[in-house]
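Residue numbers count from 1 along this sequence. All values derive from a computational prediction rather than experimental measurement.
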Amino acid sequence: MRRRQLSPPVVRPASPTPSLLLPLCRLVSWHLVCALTARLVTELIPVFIPILVKLTTTFAQQKRLAAKHALAATAIPAGITNPPNWQGYVLVVAMFAMLLLYSWSFQWFFFKVGKATIIVRSALISAVYRKSLVLSAQARSRLTLGRLTNLVSSDISQVERGVTNAIVCITIPVQVIASIIVLVYMIGPSGIAGWAVVIGFVPIQLWASRYLVRLRGQAIRYTDQRIRATREAIQGIKVVKAFAWEQSILETMQHVRSKEVG
């Protein structure tokens with residue numbers, strides 16, 4: 001009797017870890033590109049305005065000296081030129097256009113960022129709500145109402161702020177490089193010293209931000225406890241009033257709150 005050969009078990013490839021960043025980027029990619037462009041324009045225009053001011057001042061000085069020599073009927077020195085009037089009009093119109101573009105890009109940046117954050121917030125709240133409807137009993141015991149409230153009120157708000165901060169973090173290096181170039185052009189190599197001092201404080205700012213993130217992570221645990229205690233007190237308000245437990249529950253909430261903020 002021939003033995004039946006069993007086929008080898010089918011090994012299914014492990015499913016990749018789901019990513020939340022990529023779907024959100026696809027959802028608001030166009031708004032982020034517009035906001036990034038507007039932010040770059042907003043950051044670079046104040047850097048280049050001093051160049052226009054310097055050119056306008058130089059034009060006015062040269063015109064004044066040329067008019068002074070013309071009134072005195074003397075020859076204009078070799079180092080002084082008499083620029084045409086159209087250059088002054090071009091400089092004034094360019095300065096006005098840059099200020100107008102700055103105002104428009106500033107408002108457009110906040111409009112696009114606000115629209116992107118609203119879309120991200122709505123998508124995340126909808127995802128949390130749909131997930132909460134299909135939780136098992138075991139998962140529901142671990143994911144309390146206080147934690148769900150923190151996800152909606154605190155964590156999603158941090159994601160909202162992260163959208164704006166990510167755009168700012170991208171544009172800051174461009175602004176720094178452009179500022180260094182303009183400073184070297186305006187006042188020479190000594191302008192690098194000022195930016196060296198600013199860059200020197202970057203490690204201190206990084207340490208402070210990490211310290212604040214660590215403190216916030218510690219406070220989230222007490223926030224969950226406070227919300228859970230508040231929910232239980234409200235749900236059992238009849239028992240609380242019947243046994244006069246108001247003071248003890250209030251002291252418990254104040255104790256948890258002091259740990260949260262302290």
Side-chain angles (χ1 to χ4, degrees), residues 17-25 28-29 31-33 35-48 50 102 105-106 109-110 112-114 116-118 120-121 123-125 128 143-144 146-184 186-228 253-262:
T17 304
S19 175
L20 185 62
L21 181 61
L22 293 179
L24 290 179
C25 289
V28 295
S29 58
H31 300 290
L32 292 180
V33 170
L36 179 61
T37 305
R39 184 71 185 187
L40 284 173
V41 175
T42 305
E43 296 291 345
L44 291 179
I45 284 180
V47 175
F48 291 105
Y102 171 81
S105 61
F106 184 78
F109 165 73
F110 281 104
K112 282 298 182 180
V113 166
T117 53
I118 289 175
V120 169
R121 183 179 182 85
L124 292 178
I125 291 177
V128 172
L143 190 63
T144 61
R147 191 171 179 184
L148 281 174
T149 306
N150 274 339
L151 283 175
V152 174
S153 62
S154 178
D155 296 344
I156 294 180
S157 297
Q158 291 182 5
V159 175
E160 280 187 85
R161 291 191 293 269
V163 174
T164 305
N165 294 335
I167 295 176
V168 173
C169 290
I170 295 174
T171 57
I172 281 179
V174 180
Q175 184 185 16
V176 169
I177 295 173
S179 300
I180 293 175
I181 294 174
V182 172
L183 281 175
V184 173
M186 297 286 290
I187 61 176
S190 58
I192 302 177
W195 272 111
V197 175
V198 174
I199 295 174
F201 282 98
V202 171
I204 300 176
Q205 295 177 352
L206 291 177
W207 173 82
S209 62
R210 290 176 181 175
Y211 179 72
L212 291 175
V213 169
R214 187 167 63 250
L215 288 180
R216 181 57 187 166
Q218 296 174 359
I220 286 178
R221 296 180 302 167
Y222 299 111
T223 304
D224 294 340
Q225 296 178 9
R226 177 176 58 82
I227 294 176
R228 184 170 60 250
M253 292 181 180
Q254 289 177 349
H255 179 67
V256 176
R257 178 62 178 171
S258 63
K259 288 184 177 181
E260 181 184 359
V261 300

- Query: Among all residues two or more places apart in sequence or in another chain, which pass the ring-ring contact (aromatic ring centres under 6.0 Å, His included) test with F48?
  - Reply: none
Nearest 0.5 angstrom please: [X] [atom1] to [Y] [atom2], how far?
X	Y	atom1	atom2	value
I118	E160	CD1	CD	8.0 Å
I167	T171	CD1	OG1	8.0 Å
Q158	R161	CD	CZ	5.5 Å
I172	N165	CD1	CG	9.0 Å
I156	I125	CD1	CD1	4.5 Å

- Minimum heavy-atom distance between R121 and S157, given as atom pair plus value: NH1-OG, 3.4 Å
- Exercise: identify the closest heavy-atom pair between V28 and A116: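 What the structure gives for the nearest pair is CG1-O, 3.9 Å.
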- Query: Which of parallel (below 30°), tilted (30 to 60°) and perpendicular (above 60°) describes F110 and F106?
  - Reply: perpendicular
With a 4.5 Å heavy-atom cut-off, do [X] and [Y] have their side chains touching?
X	Y	value
T164	F109	yes
V163	L32	yes
L124	L24	yes

- Item | Steps toward side chain to side chain contact (heavy atoms under 4.5 Å, CB included) verdict (V47, Q175) | CA-CA 8 Å; V47 175; Q175 184 185 16; 4.3 Å; yes
- Show your working on side chain to side chain contact (heavy atoms under 4.5 Å, CB included) between V174 and E43 and close with a plain yes or no. CA-CA 9 Å; V174 180; E43 296 291 345; over 6 Å; no
- Task: Check L44, L40, T42, T37 against S105 for a side chain to side chain contact (heavy atoms under 4.5 Å, CB included) and give me the one that passes.
- Result: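 Result: among L44, L40, T42, T37, T42 is the only option passing the side chain to side chain contact (heavy atoms under 4.5 Å, CB included) with S105.
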